[in-house]
Structure formats: C-alpha cells, structure tokens
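As structure tokens, the structure follows; a few thoughts come after it.
As the structure is a computational prediction, the values presented were derived from the model and not from experiment.
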Amino acid sequence: MPNRGVRHRSRWRVLGAILLMAFGMVAAGSWAPIVAQASPPNAFGELDCNGYSTIQKSIRGTMNCTDVRGLAGVDNANTWGGRFYDNNNYIGHDEPDMSFYSSLPGSGNNVSWSETLPRDPSLLPTVRKPGYDVTHWFELSVAPWFSMVMCDPNSYPQASCTANSDTNTPNSGMAFMEMQFYPPGFAPFADAISCDNTHWCAAMTIDSLECTLGFASCNPGCTEPVNFAFIQTNGVPAGPPSPQLSNLATFTPNGSTLLMNPGDKLTVQMSDQPVPGGGGAMAFEVAIKDLTTGQSGLMQASAANGFMNTSIADCSGTAFNFQPAYSTASPGNIAGWTALQTNISTQYEIGHFEACSSLSQPGTVPLAPGVNDVTYNQCSGPYEASAPADATATSPEYGDAFCYPFGDTHGVLNSTPDLVTGCMDNVFQNGDLDFDGSSYWADWPTGTSPSLYYPSTFQQSPPLSSGHQYAQFSFQTDLALSESTCTGTAGCSVPPPNAPGHFYPYFGLANTWGHCQIEFGNVAATGALTFGQAAQYGTNQYSQIGYPEFESQLYSNICHP
C-alpha cells in the first residue's frame, strides 16, 4: 500500500459536492418524526458528517464530527498507519480533552456539570499580528463539548450493547454523544459556526460508525452518520434530527432554541430519562438550566423526537432510543472506535478557524431552491502567511473554505453580520493541518474576565454524579493524528512541530473560594495548577493503543465539590 501520510479531500469531489448541495427547506414545527421500521435516506442529510457519502449530499459542510481512531498494522481501505480514512480521505480533528473516572454506579450515565460561559473582549477581532490580536471565542474553539458513550448495536463493530451496563466492552456496538456549545460572532449556523452575534447556543450530536470489527469494511454511503438537535426550550427538535431526514431546518435555530448570554451561569444534566408517553421506555436526555436568566432547555435522543440509528446494509434509518452504554466511568469504559479514549469528559474542538485580511476564489453554495450563499476558498493575511502556501509541496492543505468576509449577512439567510473575515478550514481537510490558525497562537484566555485582547475562560466545576465527585482525571489529545510530520512513533509532539505559533492551549485547576474550577486556554497567570501546561497531555501512546494519541497519567481528584 502506498504511503498515504495525512491525506486530504479530493478538491474536485468536494467542490462538486458544494456546488450541488441543496437542502429541503422545512418551516419550524412543520415536520413530524418518522417512526416506520426503516426510513430510506433523503437525497440530502447527514449520513456522513465528514461529507463523503456516496449516496447523499451532506447538509452542513462545517459539521464537527467525532474523531475516529486507526489501527496499527491494519492496512486496508479504512485504516492505514494508525489513521482512519473515510472513502480514502483522512478525517482527523484536534480535540484536547480532560476525562473523569469513577467506579461508582451511575457515574457513566448520570452526570451534572456547572459552568460559567465565557465573555469576549468589547473590541471587534483584529487581523494584524498573530499572537497579539483581539480574539473572540469563535476563532479559538468552534464547539466546546461534554461527552458520554451511547449504546447503538448498529454502530461499530455491529454488536449488541446493554444500556447502562458495565457488561459492555469497547467492542460492543456504541455511538458517541457530544453536548456541544457554539460561541457567538460568526453566523449562520447552517454553514458557519454561530447562532447569532450575541448568544451562545447548544446542541446534542450523536455520531455512529458504520464499520465492522477492525474496520474490515465500512459502508461508503454512511460511514459516520450523525443525529443532531439543538437544545430547545420546548424540547422539540428544530428539524428532523436523523442522518436520513435532516434538512436546513435541523441546523437553523428557531424561536424555541435555547439562547444563552456570555457570562451566564449554567447547570447541565446528562442522564437516561423516561420517554413521555413511551410506556416505560427510556432515552438519553440533556437538560440545561440557565441560572442567570431563569430559562431552561432540553433535548431527548428518543424515537419520538425523530432520532434514528443507521443500517450498515443500506443506510436506512430506524427510530431508536439512544441510551448511555455504561454504568460507571471506569478507565476502560470507552467506545472502541473513537480516537479520544473517554466516556465522561470536557473537551474543546480546536483548529477550525483562521482569521484573514482578504479572501479570493469565490464560489456559490446553493442551500435550497432560490437560497444561495457566496463563500471563498483562499485566505490571505498574516496567519496564512506564517505557514507554507496551500496546495504546494510543503503544505498539507488544499484550501481554506468555507470563508466569509467581515460584515457578511449571507444573502437571503439574513444572518447577523460576521465579526471578522475568516475561514472555517473544514471543507478540504477537516481541520487546520498547517496549524496557522487562531487556535495555535497564544491568543487564548489568560483569566476569568476578558482582557483588552483575549476573552475570558470557561469556568467549569468538575462533574458530579448524584452529588458524588469523580475519583480521578486525566488529559489527552488526538492532535498527533493530524500532524503530517507524525509517523506514529516519531515527529509527533504537542505543540505540533510545524506550528508557527508554537502554542497549544491547556487545562488548569484553580481554587476559588475553596472550590475547584476548571479553566482552559493560557491560564497559568490565574494561579491555576496547569500540570506542565502543554506537557500535561503526556506521552504518545502509539505502541500501547495502535495510533498516535497523547495521554497523561491518572491524577487523583482532590477537588472539593
């Protein structure tokens, strides 16, 4: 097999997908969940959140998927050199993570978090000097999230799974849930990052993997299907959440989408709950309470709400109640196919944004009949100039799309105007593979209040399960999977060897009025315990787990709840 290294999306295949993309426009509240035994997929949906389905056009080109691991020594169409390939395209992401562990029953399926949402600087973002620019959260992390592993017998490796049970193993059929937050400033959500310019919003995503054991075979039509639903004040999805039937309404906030202000204090409860009118059936549910405004929102991953799992045989969907996979959060209780080895964690999706001075190479993205958006593929400016030019022998990137100019309101979508000229770095290579974007410069929060240049950090209390804290925690990142210099055992490091900013954000534990608080960014100045800053992510575990993944030791949790 030829040496693939870190491969990228086919330029012309992706451009074709962009130019042919179309969504079925559905008014909010006008759809009804499909509960038939099998629903064939529509022409547009999210059968493959990476955008490579051979039978369906992807709706949201900026989707943030769960990263898939590879297998050392297993070289086939789907895994090579410890990396996973979707339809022969590398699809890695960068996800610094802090995981929590407990042997108490319920710690793997009943989790509560408390946090304060960050605030951005009062000044608009600038694009002058990397590392010294005014920077907002949407430039740093497009989707901070909390996680939990779900049962899905139709997911890798196509095996049974008993909900809420430690009888499961990593090779039981499982999906991966991310409770994602989206920062303000770069709307619209359907083809960018934000719900609007002033609010945070949130959604539940559940990724499955339609592959057999050892990635021996995957269905190219639906390799990584995703269920998606915003957290809603009425609990009703904005549009069909399933991979087969999702449409533009699914990814468009409506009047019932929970919107939260920067600086709001929240509690997030994630647990299995009875399905209303379900005759005793249970399904996973996220409930958010905004303690500052008094608002609340929820979403249940139930068949009644339109959630479906996917058939590896024909990509059809069947109404399904997703439930947590494990009872406890013991270290070995993970999904067998995800790059991050975790169940209960807090994580930051980074490496998906680059600020620009100007844009070129325009193109039109049809979103629905009569609904078009103009995007660009080439970023110019100090960030782009700090690394080798795209589409050259020394660059791992083909392009920068999706890119939008400052003030863009996205045509008939009539979104709030974008606060900076910038690119998503998602379309051609699923991330910032030359590491020249905002995430890899020291533009991160340095404190719990915004400064003139940088936003404030998230302030999270360590998670609790039924009032009990978790006994241990660790740090990890799948960054090395995206490093073109990384051969598995050599050329892998944190920060990346070829990152021009020489910076990688890190977690900190601060003591506030006798209670622990998790911070993230460049937070050493807050007095937080930082475990060596970027060194906290530990060592490359390639020889132990079969792919390049940095993991730390286990630390005792000395926090006070």
Measuring from atom CG of Asn87 to atom OG1 of Thr223, what distance do you get when rounded to the nearest 0.5 angstrom? 5.0 Å
For a quick check under 3.5 Å, do Asp97 and Ser345 share a side-chain donor-acceptor pair by atom type? yes
May I ask you to check if Arg69 and Phe215 form a cation-pi contact, with NZ or CZ under 6.0 angstrom from the six-membered ring centre and within 45° of the axis? no
What I want to check is whether the side chains of Ser474 and Ser552 have a donor and an acceptor closer together than 3.5 Å. no
If I take atom CD1 from residue Ile193 and atom CG from residue Asn64, how far apart are they, to the nearest 0.5 angstrom? 8.5 Å
Distance alone, cut at 3.5 Å: any donor-acceptor contact between the side chains of Glu285 and Gln273? no
Sub-3.5 Å donor-acceptor pair from the side chain of Asn219 to the main-chain atoms of Ile312, do we have one? yes
If we ignore angles and hydrogens, is there a donor and acceptor under 3.5 Å between the side chains of Thr338 and Asp67? no
Could you tell me whether the side chains of Asp314 and Ser316 share a donor-acceptor contact shorter than 3.5 Å? yes
Do Pro153 and Gln158 come within less than 4.5 Å of each other through their side chains, counting heavy atoms only? no
Does the plane of the ring in Phe230 sit parallel, tilted or perpendicular to the ring in Tyr182? Use 30° and 60° as the thresholds. perpendicular
Do Gln541 and Tyr547 come within less than 4.5 Å of each other through their side chains, counting heavy atoms only? no
Distance-only polar pair, side chains of Glu224 and Asn50, donor-acceptor under 3.5 Å: yes
Should the ring pair Phe531 and Phe475 be called parallel, tilted or perpendicular, given that the plane angle runs from 0 to 90° and is split at 30 and 60? tilted
Could you go step by step and tell me if Phe353 and Leu140 meet the side-chain contact (heavy atoms from CB on, under 4.5 Å) rule? CA-CA 7 Å; Phe353 193 87; Leu140 301 173; over 6 Å; no
Have Asn321 and Ser302 got a donor and an acceptor in their side chains that come within less than 3.5 Å? no
Answer yes if the side chains of Thr66 and Glu178 hold a donor-acceptor pair under 3.5 Å, and no otherwise. yes
Looking only at side-chain N and O atoms, does Tyr506 offer a donor or acceptor that is under 3.5 Å from a partner on Asn522? yes
Side chains of Ser99 and Gln476 only: does a donor on one sit below 3.5 Å from an acceptor on the other? yes
I'd like to know if the side chain of Asp272 pairs up with that of Asn109 as donor and acceptor (distance under 3.5 Å, no hydrogens or angles considered). no
Residue pair Tyr470 / Leu464, side-chain heavy-atom distance below 4.5 Å: no
For the residue pair Ile350 and Glu95, establish whether any side-chain heavy-atom pair is separated by less than 4.5 Å. no
Which residue, Thr292, Leu117, Asp290, forms the side chain to side chain contact (heavy atoms under 4.5 Å, CB included) with Lys265? Thr292
Parallel, tilted or perpendicular: ring planes of Phe228 versus Phe251, cut at 30 and 60 degrees: tilted
Just by distance, with hydrogens left out, do Thr530 and Gln536 show a side-chain donor and acceptor under 3.5 Å apart? no
Out of Phe520, Trp444, Trp137, which one pairs with Phe458 under the ring-ring contact (aromatic ring centres under 6.0 Å, His included) rule? Trp137
Less than 4.5 Å apart, side chain to side chain, heavy atoms only: is that true for Met282 and Val275? no
Could you tell me if the side chain of Phe307 sits less than 4.5 Å from the side chain of Met204, heavy atoms only? yes
Is there a donor-acceptor contact under 3.5 Å linking the side chains of Thr310 and Asn154? no
With distance as the sole criterion, is a donor-acceptor pair present between the side chains of Ser461 and Ser114 under 3.5 Å? no
Verify side-chain hydrogen bond (donor to acceptor under 3.5 Å, both in side chains) between Gln295 and Thr233, making sure each step is shown before the conclusion. CA-CA 8 Å; Gln295 282 197 310; Thr233 57; over 6 Å; no
With a 3.5 Å cut-off and no angle check, do the side chains of Ser327 and Ser165 form a donor-acceptor pair? no
4.5 Å side-chain heavy-atom contact, Leu298 and Gln232: no
Please examine the side chains of Met150 and Phe284, heavy atoms only from C-beta on, and report whether any two atoms are closer than 4.5 Å. yes
So, does Ser107 use its side chain to make a donor-acceptor pair with the main chain of Ser103 at under 3.5 Å? no
Donor-acceptor pair between Asn309 and Asp152 side chains, under 3.5 angstrom: yes
Donor-acceptor contact present, side-chain Thr457 to main-chain Glu519, <3.5 Å: no
Regarding Asn110 and Gln269, do their side chains bring together a donor and an acceptor under 3.5 Å, going by distance alone? yes
